[in-house]
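Owing to the predicted nature of the structure, the values given are computational and were not obtained by experimental measurement.
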Amino acid sequence: MLAVAFLRAINLASHNRVAMSDLCAMLTDLKLSGARALLASGNLVFEAGSAAPQALERKLEQEAERRLGLTTEFFVRTAKEWSAALAANPFPKEAKQDPARLLVFALKDAPGKSEAQALDEAITGPEVARVAGRQAYIVYPDGVGRSRLSLALIERKLATRATGRNWNTALKLGVLLSG
């Protein structure tokens, strides 16, 4: 089965620097074939076999630290899961008008209703958020850089770890996963 892995917080300034070619080589060594990277920000598409996504996350995190000295989190979705996440986008108008200001966040765990409500209540600006399963969709009308809705706040309110990609990148990954 095809899968995508999102790496959290790599290649940001001097933090967690790693070559995407090294990550692809690691996946190949782990018998995860056809590894391809999209951008240098930690997006990998590969053939995952029959491994469960959450078990694969733990394995990739351990191997990246052991082999590359890279301490980060992996968020894995099958092609079917990612396709469903793209189809579930609650903000189609915003996705079409300004896809760079719509982010989809891969979450480690699916938050409950109370956590999703806590996130909504924490928003003090023009941002709008929706949580669906192990994804969160957030529109940043004024841009992410100006927002007070930080990744740390999102993770604290949803009580889970997360990494985000803008809608343009999310769609490009969907194309790669569709073959």
Side-chain angles (χ1 to χ4, degrees), residues 3-13 15-16 38-39 41-45 48 51-62 64-65 70-95 97-174 177:
V4 60
F6 305 100
L7 284 75
R8 184 176 192 274
I10 67 161
N11 295 338
L12 301 173
H15 180 72
N16 270 353
L38 176 68
L39 306 173
S41 57
N43 307 294
L44 301 167
V45 172
Q54 290 175 316
L56 198 48
E57 288 173 352
R58 288 186 297 277
K59 180 178 183 176
L60 292 172
E61 289 164 359
Q62 292 166 352
E65 185 161 9
L70 177 66
T71 303
T72 191
E73 290 170 282
F74 284 70
F75 299 78
V76 175
R77 301 293 187 270
T78 66
K80 184 178 179 179
E81 288 172 329
W82 193 244
S83 178
L86 294 176
N89 173 20
F91 302 111
K93 183 178 110 188
E94 293 81 353
Q97 290 177 342
D98 197 354
R101 293 183 185 219
L102 168 60
L103 273 67
V104 58
F105 289 83
L107 308 174
K108 278 289 188 182
D109 302 298
K113 288 183 182 182
S114 62
E115 288 86 3
Q117 184 172 345
L119 177 63
D120 285 341
E121 291 170 357
I123 296 173
T124 60
E127 301 82 11
V128 182
R130 297 290 179 271
V131 176
R134 291 194 316 139
Q135 277 72 236
Y137 306 83
I138 302 178
V139 177
Y140 289 87
D142 296 334
V144 176
R146 295 181 174 182
S147 177
R148 295 178 148 219
L149 186 57
S150 67
L151 181 59
L153 179 61
I154 293 165
E155 289 179 330
R156 189 168 61 252
K157 295 301 177 180
L158 295 180
T160 190
R161 303 290 280 169
T163 189
R165 300 297 185 270
N166 74 38
W167 196 248
N168 288 321
T169 301
L171 290 177
K172 288 176 186 175
L173 289 163
L177 287 166

**Q** So how far is it from Leu173 CG to Ser83 OG, rounded to the nearest 0.5 Å?
**A** 12.5 Å
**Q** Please tell me if the side chains of Val45 and Leu38 come closer than 4.5 Å, counting only heavy atoms from C-beta onward.
**A** no
**Q** Looking at every non-hydrogen atom in both residues, tell me the closest pair between Ala100 and Asn168 and how far apart they are.
**A** N-ND2, 3.9 Å
**Q** Distance check, rounded to the nearest 0.5 Å: Ser150 atom OG versus Arg156 atom CZ?
**A** 7.0 Å
**Q** Rounded to the nearest 0.5 Å, what separation is found between the CG atom of Leu60 and the CD atom of Glu73?
**A** 12.5 Å
**Q** With rounding to the nearest 0.5 Å, note down the distance linking CG in Leu107 to OG1 in Thr163.
**A** 10.0 Å
**Q** Test your reading of the model: is there a side-chain donor-acceptor pair from Lys108 to the backbone of Phe74, 3.5 Å cut-off?
**A** yes
**Q** Taking NZ, NE, NH1 and NH2 as the nitrogens, is one of them in Glu155 or Arg8 under 4.0 Å from a carboxylate oxygen of the other?
**A** yes
**Q** Whether the side chain of Glu81 engages the backbone of Thr78 through a donor-acceptor N/O pair (distance < 3.5 Å, no angle test) should be reported.
**A** yes
**Q** Any donor and acceptor pair, going by atom type alone, linking the side chain of Tyr140 with main-chain N or O of Arg146 inside 3.5 Å?
**A** no
**Q** Apply the test side chain to side chain contact (heavy atoms under 4.5 Å, CB included) to residues Ile154 and Leu149: give CA-CA distance (whole Å), side-chain angles for both, the deciding distance (0.1 Å), then the verdict.
**A** CA-CA 7 Å; Ile154 293 165; Leu149 186 57; 3.9 Å; yes
**Q** Should Arg58 and Glu65 count as an ion pair when the cut-off is N to O under 4.0 Å?
**A** no
**Q** Nearest heavy-atom pair of Ala129 and Asp120: which atoms, and what distance?
**A** O-OD1, 3.4 Å
**Q** Would you compute the distance between atom CD of Glu61 and atom CG of Leu7 and round it to the nearest 0.5 angstrom?
**A** 9.0 Å
**Q** So, does Arg101 use its side chain to make a donor-acceptor pair with the main chain of Pro141 at under 3.5 Å?
**A** yes
**Q** To the nearest 0.5 angstrom, please state how far the CG atom of Leu103 sits from the CD1 atom of Ile138.
**A** 7.5 Å
**Q** So which atom in Asn89 and which in Tyr137 form the shortest heavy-atom distance, rounded to 0.1 Å?
**A** CA-CE2, 3.8 Å
**Q** Counting C-beta onward and ignoring hydrogens, is there a side-chain heavy-atom pair between Arg165 and Phe6 closer than 4.5 Å?
**A** yes
**Q** Taking only Lys NZ, Arg NE, NH1 and NH2, and the carboxylate oxygens of Asp or Glu, determine whether Glu127 and Arg148 approach each other closer than 4.0 Å.
**A** no
**Q** Would you say that Val4 contacts Leu44 through its side chain, given a criterion of any heavy-atom pair below 4.5 Å between the two side chains?
**A** no
**Q** With the side chain counted from C-beta on, respond yes when Gln54 and Arg134 share a heavy-atom pair under 4.5 Å apart, and no when they do not.
**A** yes
**Q** Grab the two heavy atoms, one from Asn166 and one from Pro99, that are nearest each other, plus how far apart they are.
**A** CB-O, 4.0 Å
**Q** Run the side chain to side chain contact (heavy atoms under 4.5 Å, CB included) test on Lys157 and Glu121 for me, step by step, so that the C-alpha distance in whole Å, both residues' side-chain angles and the decisive distance to 0.1 Å come before the verdict.
**A** CA-CA 9 Å; Lys157 295 301 177 180; Glu121 291 170 357; over 6 Å; no
**Q** Given the rule in the salt bridge (charged side-chain N to carboxylate O under 4.0 Å, His left out) test, do Arg77 and Glu57 qualify, once you have shown the distances and angles that lead to the verdict?
**A** CA-CA 9 Å; Arg77 301 293 187 270; Glu57 288 173 352; 3.8 Å; yes
**Q** Does Trp167 reach the main-chain N or O of Leu86 with its side chain, forming a donor-acceptor pair under 3.5 Å?
**A** no
